[in-house]
Amino acid sequence: MTTPVEPDALIASLRERIGQHPDPETGRPIQSTGQLGEITLDGDTVKMSVGITSHCQPIADEIADTIRDLALTVAPGKTIEVQTPVHARPPARLGQVGLKAKSVILVGSGKGGVGKSTVAASLALTLRRLGANVGLMDADVYGPSVPHLLGLSGRPAISEDKKIEPIRLGPNGESGVPPETEGAMPVMSMGFLLEPDQAVIWRGPMLHGSIQQFLRDTSWGELDYLVIDMPPGTGDIALTLSQAIPITGAVVVCTPQEVALLDAVKAISMFRKVNIPIAGMVENMSGFTCPDCGKTYDIFGRGGARDKAEELTVPYLGGLPIDITLREAGDAGKLAEVLANDHRARAPFDQVARSLVRNLAAKAASAPPKASLPTL
């Protein structure tokens, strides 16, 4: 006959066991970071609260499932209820530019025409919708397309503290909302500073200066993620960024066919040469499902990026099919609106965003960072 465990002893055992689970953002035990809240026992139901930072809210449901399974090893037969409220943790300043962001994600490609800007904008929008604080920087100075994709217009103002006020996208796709708007996403692009038909004709130093200014002098606020849409190809903007701020990782976008994969390999080589980690590969234009007959056609092939990622030992974040709805939304400047409301269209981006955050959490758990002083 099994001796029943006293409630206080059970709760103490649960707290000890759950408290060792790593915080997905830092990799440190959640008990030491103050994220393990109250644990109560109500009959056969255990209720617990585990705070998850906004940085990792996109995978909060997965973390809750893991903790629930962990709790069952201590309290078998019990019903486990796990709440994951937002645990406040402001970002430290990064690098000499003083950017307040926890993760800087570059979105690049080895060549143009693979949908890189659409993926960058959609990734930023998806991370925001899943609970993170996100900023989007368009570093494709010669071909800034992010303002058009998001339907943003206007000229950035200069604040009283001499900072550039980015154009902010509202939670429902509204353009130019005030800074205090809840859920507003700051966006900065050279496209806001040019006339629609004006070309940028700059030499390298001017180009690099604008990138530095976008990072240093823009009022980004406190961000979990700054997503940066990179210029296509293997230019030296990556080197400029790597010297300015610590880069969390680069997402490489490519299409499935071999000729595109060859260029993606060059992009990965470039990032590695400037010591930027590869956060993963995304296969864009991965199949097309006919809306009339439901049959799927692999117009550019399928699975090439997954195979190449495995060959190069880099994470594969997911495939994005050709989607007429998203293409029309981007052309009309309504990408944010469609991704907010069309569950079918946004599902592949949800997978990519969650895979990215999940991989960052796994990396933090395997090598928890040491505490460091912020740059003043």
Side-chain angles (χ1 to χ4, degrees), residues 5 7-91 102-103 105 123-134 171 182-183 223-225 248 279-280 315 317-318 339-340 343 346-369:
V5 180
D8 288 348
L10 178 60
I11 290 173
S13 296
L14 283 167
R15 182 167 292 279
E16 181 179 1
R17 185 72 180 90
I18 302 300
Q20 296 306 309
H21 190 272
D23 164 34
E25 182 187 323
T26 65
R28 302 187 183 100
I30 58 174
Q31 180 66 46
S32 66
T33 57
Q35 291 170 255
L36 181 56
E38 187 178 17
I39 301 177
T40 60
L41 180 61
D42 183 7
D44 284 333
T45 301
V46 175
K47 299 180 180 180
M48 63 180 66
S49 175
V50 177
I52 305 297
T53 61
S54 53
H55 182 274
C56 293
Q57 279 294 322
I59 57 170
D61 54 345
E62 299 176 19
I63 298 166
D65 289 342
T66 300
I67 290 175
R68 190 177 296 110
D69 292 342
L70 196 60
L72 284 172
T73 64
V74 179
K78 301 291 186 183
T79 299
I80 311 295
E81 296 180 2
V82 181
Q83 299 294 322
T84 54
V86 176
H87 178 79
R89 182 185 295 147
K102 294 180 180 179
S103 295
I105 305 295
L123 176 62
L125 290 167
T126 303
L127 288 169
R128 179 185 70 162
R129 182 174 52 78
L130 295 176
N133 299 317
V134 185
E182 185 175 355
L223 302 176
D224 294 311
Y225 298 92
T248 306
L317 301 180
L339 287 176
H343 295 269
R346 76 190 188 196
F349 289 102
D350 284 6
Q351 176 189 343
V352 168
R354 287 193 168 102
S355 293
L356 173 65
V357 179
R358 191 183 305 123
N359 290 348
L360 294 179
K363 184 177 180 180
S366 64

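- Applying the salt bridge (charged side-chain N to carboxylate O under 4.0 Å, His left out) definition to pairs two or more places apart or across chains, those involving residues 35-54 are Asp44-Lys78.
- In this structure, Phe349 has no ring-ring contact (aromatic ring centres under 6.0 Å, His included) partners at least two apart in sequence or on a different chain.
- The closest donor-acceptor contact from the side chain of Lys102 to the backbone of Glu25 lies at 3.5 Å or more, if one exists at all.
- Partners of Thr248 according to the side chain to side chain donor-acceptor pair (under 3.5 Å) rule, which considers only residues two or more places apart in sequence or in another chain, do not exist here.
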Identify each donor-acceptor pair in which a side-chain atom of residues 60-71 lies under 3.5 Å from a protein atom, sequence neighbours left out, and give them as a table.
| from | atom 1 | to | atom 2 | distance (Å) |
| --- | --- | --- | --- | --- |
| Glu62 | OE1 | Arg358 | NE | 2.9 |
| Glu62 | OE2 | Arg358 | NH2 | 2.9 |
| Asp65 | OD1 | Arg68 | NH1 | 2.6 |
| Thr66 | OG1 | Glu62 | O | 3.1 |
| Arg68 | NE | Ile80 | O | 3.2 |

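- Pairs of residues two or more places apart, or lying in two chains, never qualify as ring-ring contact (aromatic ring centres under 6.0 Å, His included) while including a residue from residues 9-29.
- Panel note: side chain Asp224, backbone Asn133; a donor-acceptor pair is recorded below 3.5 Å.
- Nearest heavy atom pair, residue Ala279 against residue Leu356, reads CB-CD1, 3.7 Å.
- A donor-acceptor contact shorter than 3.5 Å links the side chain of Gln57 to the backbone of Ile52.
- Within the 3.5 Å criterion, the main-chain N or O of Ala365 finds no donor-acceptor partner in the side chain of Arg28.
- Partners of Ser103 according to the side chain to side chain donor-acceptor pair (under 3.5 Å) rule, which considers only residues two or more places apart in sequence or in another chain, are His55.
- Here the closest heavy-atom approach between residue Thr126 and residue Ala353 is recorded as CG2-CB, 3.7 Å.
- In this structure, the side chain of Arg354 engages the main chain of Pro58 through a donor-acceptor pair within 3.5 Å.
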